[in-house]
Amino acid sequence: MTKRVPSTHVPTNAARRRAFRENLLAWYDANRRNMPWRNTSDPYRIWLSEVMLQQTRVDQAEPYYRRFAARFPTVERLAAASLDDVLACWEGLGYYSRARNLHKAARRIVETFGGRLPDEEEAIRSLPGVGPYTAAAVLSIAYGKALPALDGNAIRVLARVFRVAEDATRAGTRNQLRDLAADLMDSARPGAFNQAVMELGANVCKPAAPRCEACPLRPVCAAAEAGDQTAFPVTPPRKKTPHFDVAVAIVFDDAGRLLVCKRPEEAMLGGLWEFPGGKRKPGETLEAACRRAVRKKWNVDVETRGLARRIDHAYTHFRITMHAFRASIAAGAPRAPADRAFMWADRAELQTLAFSRTGRLLVEFLSLEQAQKSGE
DNA sequence: GAGACGTGGGG
DNA sequence: TCCCCAAGTCT
């Protein structure tokens with residue numbers, strides 16, 4: 001059913017596979033880093049760690065994992081929590097659909113799986129946010145099932161060891177690599193095998209400047225043999241990202257509370273709070289864009305009184321400059337459309353709400369400014 | 001299948 | 001400053 005792609009990789013034989021497996025696991029046993037999710041056998045925590053580690057470095061995920069696991073120690077506690085609390089705990093980690101899906105999946109686990117993370121591939125894959133990688137990782141690590149977990153590290157390691165010349169982003173190539181991994185897998189220690197490949201990819205077989213001299217797979221690596229390891233994996237060039245100007249309003253009420261708005265759940269940064277405003281259109285001034293966007297979304301006229309702060313930020317597929325204007329309500333009061341929400345937040349509430357990076361930076365800027373003012 | 005989806009670190 | 005990229009999934 002999988003179409004075979006012609007490949008340049010070296011043919012495997014039993015001795016080669018055995019060397020790969022044994023060298024790798026011996027290296028892993030001697031070099032594995034201590035991580036909090038490696039000191040538990042709780043499937044919930046292993047699942048949590050795998051979700052946090054999606055497209056995220058170990059160093060970045062680790063403090064979040066500790067806080068999250070302490071705050072929501074069981075799947076029942078997670079299911080019982082509000083999405084707002086879950087997002088607040090996730091703030092700053094990015095890819096917030098992971099948090100929304102994790103929360104949704106926890107509720108489904110409690111409702112339909114009796115509070116236990118499923119140990120069957122089909123069932124676990126049915127949970128939102130669990131794809132082929134996460135299913136294989138959790139099933140191998142938590143339940144000892146011999147499924148290869150193919151993440152970016154595994155793809156790079158295998159593409160180099162076998163000098164896979166086809167575009168590694170293509171499905172056919174992925175299938176080829178997955179079959180290779182399945183062949184190599186140590187069925188006695190599938191969880192250790194999967195983690196070993198990833199750990200090797202993260203610390204030795206790195207994207208740039210791989211440390212081949214320290215690599216246990218050097219004796220079986222075709223790319224190291226040819227001296228062209230950095231040519232693999234083969235991926236198409238990426239496009240450069242566009243830039244947008246965003247104008248937002250800083251509006252305080254008489255009680256010194258700040259006007260903040262909640263983003264719709266399906267949107268980018270869905271469920272997070274932000275300052276009212278929007279993207280500038282061609283030919284528009286920043287102040288006009290600010291007034292127009294606030295008027296359109298919140299049915300209220302504001303007047304701007306000068307720029308308070310500019311923040312540059314890069315997302316995955318575009319960049320923005322956020323221009324934050326001090327502003328006040330010109331007439332009336334904000335009104336939320338049916339599917340949206342806003343609030344006037346005091347200092348304590350601003351600490352509790354989940355903001356994106358730019359929003360949090362602006363909140364911190366304003367509270368620092370306020371502290372200086374009141375300190376004088 | 002291609003593009004959306006965050007953030008921070010490193011070269 | 002810029003570009004790359006990191007334990008992917010969803011649409």
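Owing to the predicted nature of the structure, the values given are computational and were not obtained by experimental measurement. Excluded from the calculations below are hydrogen atoms, water molecules and symmetry mates; all remaining heavy atoms, backbone and side chain alike, are included. Note on naming: letters A, B, ... go to the chains in the order of the sequence lines (proteins, then strands), and numbering restarts at 1 for each one.
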Cut-off 3.5 Å, no hydrogens considered: what does the side-chain donor-acceptor table look like for residues 298-315 of chain A, sequence neighbours left out?
from: A:R305; atom 1: NH1; to: A:S328; atom 2: OG; distance (Å): 3.0
from: A:D312; atom 1: OD1; to: A:T321; atom 2: OG1; distance (Å): 2.6

For DNA chain C, determine which residues of residues 35-44 of chain A have any heavy atom closer than 4.0 angstrom to one of its atoms, and list them numerically.
A:M35, A:R38
Please state how far atom NE2 in A:H243 lies from atom P in C:dT1, giving the value in whole angstrom units.
11 Å
Find out whether A:V86 and A:F68 are in side-chain contact, i.e. whether some heavy atom of one side chain is under 4.5 Å from a heavy atom of the other.
yes
Residue that, paired with A:Y44, satisfies side chain to side chain contact (heavy atoms under 4.5 Å, CB included) out of A:L78, A:V138, A:L117
A:L78
With P as the reference atom in both, quote the distance from B:dG3 to C:dC4 in angstrom, rounded to an integer.
16 Å
Does one side chain, of A:T169 or A:R174, offer a donor that lies under 3.5 Å from an acceptor on the other?
no
Throw together a table of side-chain donor-acceptor distances under 3.5 angstrom for residues 213-222 of chain A, partners on residues two or more places apart or in other chains.
none

I want to confirm an ordering. Mapping A:R33 and A:P128 to their closest nucleotides on DNA chain C, which one lands closer to the 5' end?
A:R33
So do A:R340 and A:R263 actually touch side chain to side chain, heavy atoms under 4.5 Å?
no
Atom CZ of A:R238 and atom C1' of C:dC2: how far apart are they, to the nearest Å?
13 Å
Listed by chain and number, what are the side-chain hydrogen bond (donor to acceptor under 3.5 Å, both in side chains) partners of A:Q55, not counting sequence neighbours?
none
A:K240 has an atom NZ; how far is it from atom P of C:dC2, in whole Å?
9 Å
Summary of protein contacts for nucleotides 2-11 of chain B, nucleotide by nucleotide, where a base hit scores B, a sugar-phosphate-only hit scores S (4.0 Å, heavy atoms):
-SSBBBB---
Could you measure between the two P atoms, the one in C:dT1 and the one in B:dG6, and give it in whole Å?
23 Å
Report which part of the nucleic acid A:T134 touches: base, sugar-phosphate, or nothing (heavy-atom distance under 4.0 Å, all strands).
sugar-phosphate
Would you call A:R292 and A:K281 a side-chain contact if the rule is heavy atoms closer than 4.5 Å?
yes
Ring pair (Phe, Tyr, Trp, His ring centres under 6.0 Å) pairs, two or more places apart, involving residues 19-42 of chain A:
A:W37-A:Y65
Please work out if A:V130 contacts a base, only the sugar-phosphate, or nothing of the nucleic acid, heavy-atom cut-off 4.0 Å.
sugar-phosphate
